[in-house]
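What follows is a set of notes on a single structure, which appears directly below.
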Amino acid sequence: MRYSQMFIPTLREAPSDAEVASQKLMMRAGYIRKLAAGVYSYLPLALRVLRKVEAIVRDEMAKAGADELLLPIVMPAELWKETGRWDYYGKELLRFKDRHERDFCIGPTHEEAITDLVRNAVKSWRDLPKNLFQIQTKFRDEIRPRFGLMRGREFIMKDGYSFDVDEGAAKETYQKMHEAYEKIFTRCGLKFRAVEAGTGTIGGSLSHEFQVLADSGEDAILACDHCKYAANVEKAEIRKGPGTKDQGPRTKSKYKKVITPGKKGVEDVAPFLKIKVEQIVKTLIFETDKGAIAGLVRGDHNIKEDKLKILAGLEWCHLAEEKTVNTVTGAPSGYSGPVGLNIPVYVDQELSMMENFCVGANEKDAHLIDVNLGDFKIEKEGDIRAAVEGDGCPRCDKGKLHEHRGIEVGQVFYLGTKYSEAMQAKYLDQNGKEKTMVMGCYGIGIGRTAAAAIEQNHDEKGIVWPAPIAPFQVEVIALNRDQEVMDAAEKIYTDLTQAGVEVLYDDRDERAGVKFADADLIGIPFYVVIGSRGLKDKVVELKTRQSGEIQKIALSDIVQHLSKNCHIVPGTW
RNA sequence: CGGAGUGUGGCUCAGCCUGGUAGAGCGCUUGCUUCGGGAGCAAGAGGUCCGGGGUUCAAAUCCCCGCACUCCGACCA
């Protein structure tokens with residue numbers, strides 16, 4: 001393409017509302033423009049990058065046996081009511097009514113639509129397995145869209161869904177997808193890590209996220225420094241400490257009540273009683289599908305609701321509102337404690353390492369000290385707290401967990417029969433017996449992958465694209481408008497293009513400095529610089545964006561040199 | 001959803017407190033010079049000052065109501 005014909009509106013300065021590197025650079029380099037909060041236009045350069053990522057995705061999906069289709073973006077409420085997500089999904093689901101006052105939504109994900117399709121079309125074990133995917137614009141009305149393409153409301157996603165005859169086959173498919181994802185992100189030139197993840201609103205029981213490592217990442221992940229274990233904080237397990245073995249019958253102690261006027265949080269209570277926060281046990285009241293429950297963790301730790309849900313066998317749970325706390329404990333929030341509480345109490349496994357700790361007294365302005373586990377009834381004990389930097393690895397004896405920041409670019413879920421059950425996606429097996437299909441689902445944020453690549457690959461001058469997803473492979477820069485220079489550049493451009501290399505030819509009537517600055521900003525991997533000086537010696541310069549390295553190459557060799565090194569077939573780079 | 005902030009040419013921002021003809025830099029147009037890392041000089045174009053209402057002789061500026069955008073928080077007893 002000729003630069004003069006393309007639409008590449010670069011900016012000297014980034015718009016003031018841009019936050020992170022990828023957003024600033026994509027705005028400045030003319031890749032994206034914002035239309036509304038979390039809603040962006042993809043300009044020609046960006047579209048080329050997205051197409052590159054998509055091409056890699058399509059190639060790997062084909063190799064993994066997945067088949068592409070395209071589902072509607074707009075869906076009727078009925079489908080979502082079948083799975084219950086019309087009520088559960090919350091405000092992220094953008095809803096509206098059509099002219100007949102019928103409820104519709106814009107798809108944030110497509111389990112319902114695909115399951116509906118498959119249940120109607122697939123009736124026999126002979127038709128299974130099916131692994132289907134699409135690449136489509138999604139809309140999630142995020143509470144706080146930010147960071148450009150990293151958390152937009154409208155975004156392009158590859159979403160895939162698999163249907164298998166049983167759990168074993170479904171888990172094999174899951175594994176196959178996991179491997180395909182590793183290939184995809186490797187081919188995109190990203191440094192990433194597959195981590196164990198929670199399942200959120202999608203549901204299911206087994207899941208991995210593919211996290212691109214970058215300081216600007218929104219997710220915290222914990223990785224073992226000794227073995228392969230890595231997980232999202234939402235999910236990370238914790239190795240039991242040495243003192244946590246069952247201590248047998250717990251004795252009652254003679255706890256004492258102390259007055260703690262106005263001291264609510266652990267941060268207030270600890271200094272007031274001159275104890276460490278580690279000697280306090282926090283009591284959190286939750287509302288759940290099984291009524292109110294209490295969760296106990298050490299003062300400096302936090303409860304992970306997902307873990308609590310598993311331990312207590314809950315469908316849902318969220319922290320109780322002030323009113324509920326009042327009813328359950330008889331005291332304002334801030335003074336809750338387990339002693340005398342008549343709702344089920346779940347305690348973190350690490351409390352068995354503690355003795356004579358402090359808890360709320362269920363009475364305003366009072367706490368209890370010298371409390372022990374024998375002083376109250378425990379429903380169940382287990383790992384319910386969030387892992388933190390330095391915790392022991394759950395998979396090996398030696399390792400410790402360390403925190404990293406990550407950008408989630410993909411996630412794979414083993415769904416089991418959550419949706420197929422709810423939506424009656426059944427088939428007849430070899431024996432003519434009706435069985436429920438077993439599902440998996442697999443997503444990749446296409447735009448986010450591109451943004452993550454920039455987060456990982458940029459410098460003060462601009463973007464440094466990994467070659468496989470760069471909008472062009474080579475930029476040809478004619479340094480001035482001398483006939484000789486223009487002719488040489490023109491020829492290199494047409495010859496390279498004919499050789500199958502994707503070339504951006506900067507034919508603009510601009511000064512050299514402007515062209516170099518724009519080239520650095522746009523981030524194409526190689527530039528061929530053609531100037532009068534070099535042409536005297538019949539050479540051009542080949543500059544590598546990443547290293548800044550410049551080599552002189554004979555005018556007669558440049559096309560061959562580049563076409564040998566710059567293939568456009570995805571992944572063969 | 002709660003709190004805070006911002007809205008002025010394409011971009012970055014000043015002006016607002018203390019009301020009185022709407023500004024700068026960059027970008028854009030034209031001409032001349034220049035031409036290997038965001039050139040110089042000169043002349044230009046371009047703005048419902050987010051919207052609506054109010055106060056006033058007079059509102060970008062003060063007041064009220066909206067809207068949009070951004071940031072922080074949104075469960076931790």
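All values below come from the heavy atoms of this structure, side chains included, with hydrogens, waters and symmetry mates left out.
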Would you indicate what [X] reaches in the nucleic acid, counting non-hydrogen atoms under 4.0 angstrom: base, sugar-phosphate, or nothing?
{"X": "A:Gly531", "answer": "base"}
{"X": "A:Lys34", "answer": "sugar-phosphate"}
{"X": "A:Val297", "answer": "nothing"}
{"X": "A:Glu19", "answer": "sugar-phosphate"}
{"X": "A:Arg146", "answer": "sugar-phosphate"}

Taking ring pair (Phe, Tyr, Trp, His ring centres under 6.0 Å) as the cut-off, I'd like each qualifying pair that reaches into residues 531-554 of chain A, sequence neighbours left out, listed once. none

What interatomic distance, in whole Å, is found between [atom1] of [M] and the corresponding atom of [N]?
{"N": "B:G7", "M": "B:G47", "atom1": "C1'", "answer": "14 Å"}
{"N": "B:C75", "M": "B:G19", "atom1": "C1'", "answer": "48 Å"}
{"N": "B:G25", "M": "B:A14", "atom1": "C1'", "answer": "10 Å"}
{"N": "B:A43", "M": "B:A24", "atom1": "P", "answer": "13 Å"}
{"N": "B:G31", "M": "B:A45", "atom1": "C1'", "answer": "15 Å"}
{"N": "B:G9", "M": "B:A22", "atom1": "C1'", "answer": "11 Å"}
{"N": "B:C49", "M": "B:A59", "atom1": "P", "answer": "12 Å"}
{"N": "B:G66", "M": "B:G2", "atom1": "P", "answer": "12 Å"}

To the nearest angstrom, how far is [X] atom [atom1] from [N] atom [atom2]?
{"X": "A:Ile143", "N": "B:U70", "atom1": "CD1", "atom2": "P", "value": "15 Å"}
{"X": "A:Asn326", "N": "B:A77", "atom1": "CG", "atom2": "C1'", "value": "12 Å"}
{"X": "A:Arg151", "N": "B:C71", "atom1": "CZ", "atom2": "P", "value": "12 Å"}
{"X": "A:Arg508", "N": "B:G38", "atom1": "CZ", "atom2": "P", "value": "14 Å"}
{"X": "A:Arg385", "N": "B:C76", "atom1": "CZ", "atom2": "P", "value": "19 Å"}
{"X": "A:Ile384", "N": "B:C76", "atom1": "CD1", "atom2": "C1'", "value": "12 Å"}
{"X": "A:Tyr335", "N": "B:C76", "atom1": "OH", "atom2": "P", "value": "15 Å"}

Would you mind listing every salt bridge (Lys or Arg N to Asp or Glu O under 4.0 Å) that reaches into residues 275-293 of chain A, with sequence neighbours excluded? none

Residue pairs involving residues 548-562 of chain A (criterion salt bridge (Lys or Arg N to Asp or Glu O under 4.0 Å); sequence neighbours excluded): A:Glu541-A:Lys552

Out of B:A77, B:C76, B:G38, which has the shortest distance to the side chain of A:Ala320? B:A77

Does a side chain donor of either [X] or [Y] reach within less than 3.5 Å of an acceptor in the other side chain?
{"X": "A:Glu389", "Y": "A:His402", "answer": "yes"}
{"X": "A:Asp365", "Y": "A:Tyr335", "answer": "yes"}
{"X": "A:Ser532", "Y": "A:Glu484", "answer": "no"}
{"X": "A:Tyr31", "Y": "A:Gln23", "answer": "no"}

Would one find more than 12 heavy atoms of other residues, nucleotides or ligands at under 6.0 Å from atom CD of A:Glu490? yes

More than 12 heavy atoms of other residues, nucleotides or ligands under 6.0 Å from CD of A:Gln560: is that the case? no

Could A:Glu19 and A:Arg146 be called an ion pair, given the rule that one side-chain N must be under 4.0 Å from one carboxylate O? no

For RNA chain B, which residues in residues 534-548 of chain A have a heavy atom at a distance below 4.0 Å? A:Gly534, A:Glu541, A:Lys543

So, with a heavy-atom separation below 4.0 Å from RNA chain B, the residues of residues 269-288 of chain A are A:Lys282, A:Thr283, A:Leu284, A:Ile285

Which protein N or O atoms sit under 3.5 Å from an N or O of nucleotides 28-35 of chain B?
{"residue": "B:U34", "atom": "O2", "partner": "A:Arg511", "partner atom": "NH1", "Å": "2.6"}

Quick one: side-chain contact (heavy atoms from CB on, under 4.5 Å) partners of A:Pro344, sequence neighbours excluded? A:Ile293, A:Tyr346, A:Glu379

Could I get the full list of side-chain contact (heavy atoms from CB on, under 4.5 Å) partners for A:Glu234, not counting sequence neighbours? A:Asn232, A:Lys304

What pairs with A:Tyr493 under ring pair (Phe, Tyr, Trp, His ring centres under 6.0 Å), at least two apart in sequence or on another chain? A:Tyr505

Between the protein and nucleotides 6-13 of chain B, which nitrogen or oxygen pairs come in under 3.5 angstrom?
{"residue": "B:C11", "atom": "O2'", "partner": "A:Glu13", "partner atom": "O", "Å": "3.3"}
{"residue": "B:U12", "atom": "OP1", "partner": "A:Ser16", "partner atom": "N", "Å": "2.7"}
{"residue": "B:U12", "atom": "O4'", "partner": "A:Glu13", "partner atom": "OE1", "Å": "3.4"}
{"residue": "B:U12", "atom": "O2'", "partner": "A:Glu13", "partner atom": "OE2", "Å": "3.1"}
{"residue": "B:C13", "atom": "OP2", "partner": "A:Ser16", "partner atom": "OG", "Å": "2.9"}

For A:Arg511, what residues pass the salt bridge (Lys or Arg N to Asp or Glu O under 4.0 Å) criterion, not counting sequence neighbours? none

Using the test salt bridge (Lys or Arg N to Asp or Glu O under 4.0 Å), find all partners of A:Asp507 that sit at least two apart in sequence or belong to another chain. none

A:Ile550 or A:Pro332, whichever maps to the more 5' nucleotide of RNA chain B: A:Ile550

